[in-house]
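What follows is one structure encoded as structure tokens, with my remarks underneath.
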Amino acid sequence: MARQERAIRTRVAIVTAAASVFDEYGYERATIGEILSRAGVTKGALYFHFPSKAALAEGVLSQQFSLVSVEPSASKLQELVDTGLTVAYHMRRDPLVSAVARLSLEQDVRAQFGTAALTQWIDATNYLLTEAKKQGELLPHVVPSETAWLFAAAWTGVQVYSHILSQREDLEARVVSLFGHLLPGIAVPGVLASLENTTERAAELGARSRERERQALAEGPADGPDGEPVAGEPAAAG
């Protein structure tokens with residue numbers, strides 16, 4: 001159990017450090033040396049969990065859903081809003097969430113890993129909108145797949161503009177404004193009136209998701225007593 005806890009702490013430290021470096025420098029300029037310095041672990045421990053910089057980037061990208069999961073809601077449109085607000089909250093405060101956004105938009109990362117980081121968000125949005133349609137929450141003309149693409153693209157544009165113009169200081173307010181403009185075009189009036197879409201809700205959702213965020217990184221292989229590979233598991237070459 002103690003070894004497992006050390007492995008969890010090691011992996012969390014590595015992924016968190018990698019995210020902060022990717023977020024600050026981007027994928028191409030990020031170095032293993034800087035990640036090691038920020039993580040405070042040995043090279044052997046890092047390579048046991050992640051054998052390359054590409055694996056580190058993939059490890060960061062793989063956290064995008066677990067980090068911003070929201071509690072299910074009877075209203076799938078409310079669940080969609082809550083997801084957008086939660087991402088906005090964490091993107092300003094959590095380098096992991098911010099790093100996922102940066103990596104998913106970098107050309108060299110897309111060339112190596114494809115567009116899954118983007119299409120997964122479109123698919124997740126499409127799922128919620130499809131469920132909302134089944135429940136009678138959407139106006140008759142709404143096609144969930146088309147709306148999902150537009151919502152995801154608009155949300156990405158909002159975060160990019162907010163990052164460039166204000167270092168994301170206004171991101172929650174901008175996302176609230178985005179939903180305020182888009183939802184009247186797709187939601188039936190009764191559902192629209194019941195939706196909670198405020199910066200205060202973003203703060204509440206963000207606070208509630210902190211513990212879930214901490215637990216999201218608690219996965220990975222066990223390592224040795226000091227975070228080194230266990231016997232018989234050679235570290236990958238650097």
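- Panel note: side chain Lys133, backbone Leu128; no donor-acceptor pair is recorded below 3.5 Å.
- Using a 4.5 Å cut-off on side-chain heavy atoms (C-beta onward), Leu182 and Leu150 make no contact.
- Side-chain polar atoms of Ser209 and His90 form a donor-acceptor pair below 3.5 angstrom.
- Taking all atoms of both residues into account, the shortest heavy-atom contact from Gly185 to Val142 is O-CG2, 4.2 Å.
- Put simply, the side chain of Leu103 reaches to within 4.5 Å of the side chain of Val60, judged on heavy atoms.
- Between the side chain of Ser177 and the backbone N or O of Ala173 there is no donor-acceptor pair closer than 3.5 Å.
- Glu196 contributes atom CD, which lies 10.0 Å from atom OG of Ser75 (distance to the nearest 0.5 angstrom).
- For Arg201, the CZ atom is densely surrounded, since the number of other residues' heavy atoms within 6.0 Å is greater than 12.
- Salt-bridge check for Arg93 with Glu172: passed, with a basic side-chain N closer than 4.0 Å to an acidic carboxylate O.
- With a 4.5 Å cut-off on side-chain heavy atoms, Tyr25 and Thr31 do not count as touching.
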- Query: Would Leu205 and Val70 satisfy side chain to side chain contact (heavy atoms under 4.5 Å, CB included), going step by step from the backbone distance to the final call?
  - Reply: CA-CA 8 Å; Leu205 291 167; Val70 300; 5.5 Å; no

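- Nearest heavy-atom pair across Ala101 and Met91 is CB-CE, 3.6 Å.
- Phe50 approaches Arg11 most closely through the heavy-atom pair CZ-NH1, 3.5 Å.
- No side-chain heavy atom of Leu36 sits under 4.5 Å from any side-chain heavy atom of Ile14.
- Under the 4.5 Å side-chain heavy-atom criterion for grouping Ile, Leu, Val, Met, Phe, Trp and Tyr, Leu165 is not connected to Val158 through any hydrophobic cluster.
- In this structure the side chain of Trp121 reaches within 4.5 angstrom of the side chain of Thr83, judged on heavy atoms.
- Sparse packing is recorded around NE2 of His181, with 12 or fewer heavy atoms of other residues, nucleotides or ligands lying under 6.0 Å away.
- Look at Lys76 and Glu137 and you find no salt bridge, because none of the NZ, NE, NH1 or NH2 atoms lies under 4.0 Å from a carboxylate O.
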- Message: Determine whether Val188 and Leu138 satisfy the following criterion, side chain to side chain contact (heavy atoms under 4.5 Å, CB included), listing intermediate values before the conclusion.
- Response: CA-CA 5 Å; Val188 299; Leu138 303 185; 5.8 Å; no

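- For the pair Glu79 (side chain) and Ser73 (backbone), a donor-acceptor distance under 3.5 Å is present.
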- For side chain to side chain contact (heavy atoms under 4.5 Å, CB included), just list the numbers for Phe22 and Leu56, CA-CA rounded to whole Å, side-chain angles, deciding distance to a tenth of an Å, and then say yes or no. CA-CA 10 Å; Phe22 287 138; Leu56 278 164; 4.2 Å; yes

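- Looking only at side-chain heavy atoms (C-beta outward), Trp155 and Val87 come within less than 4.5 Å of each other.
- One N or O on the side chain of Ser20 and one on the backbone of Ala17 form a donor-acceptor pair closer than 3.5 Å.
- Among all heavy-atom pairs drawn from Pro184 and Gly180, the shortest one is CD-O, 3.2 Å.
- Ser98 OG to Gln159 CD: the interatomic distance, rounded to the nearest 0.5 Å, is 7.5 Å.
- In this structure, Tyr89 shares a hydrophobic cluster with no other residue, the cluster being traced through Ile, Leu, Val, Met, Phe, Trp and Tyr side chains under 4.5 angstrom apart.
- Donor-acceptor pairing under 3.5 Å is recorded for the side chains of Asp170 and Ser162.
- Here OG1 of Thr156 is found 6.5 Å from CG of Leu105. Values are rounded to the nearest 0.5 Å.
- Rounding to the nearest 0.5 Å gives a distance of 12.5 Å between OG of Ser37 and CD1 of Ile32.
- Taking the side chain as every heavy atom from C-beta outward, Phe179 and Leu195 never approach each other to under 4.5 Å.
- Interatomic distance, CD of Glu131 versus CG of Asn126, reported as 10.0 Å (0.5 Å rounding).
- Separating the CG atom in Leu85 from the CG atom in Leu171 is a distance of 10.0 Å, to the nearest 0.5 Å.
- No continuous path of ILVMFWY side-chain contacts below 4.5 Å connects Leu118 to Val100, so the two sit in separate hydrophobic clusters.
- Ile122 meets the side chain to side chain contact (heavy atoms under 4.5 Å, CB included) test with Ala148, Trp149, Ala152; sequence neighbours excluded.
- Residues Val21 and Ala30 come closest through the heavy atom pair CG1-CB, 3.6 Å.
- Of all the heavy atoms in Asp23 and Pro95, the pair that sits closest is CB-O, 4.1 Å.
- Side-chain contact between Ile186 and Leu139 is absent, with no heavy atoms from C-beta onward closer than 4.5 Å.
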- In sequence, state the C-alpha distance, the side-chain angles, and the governing distance for Thr10 and Phe48, and then conclude on side chain to side chain contact (heavy atoms under 4.5 Å, CB included). CA-CA 10 Å; Thr10 300; Phe48 173 68; over 6 Å; no

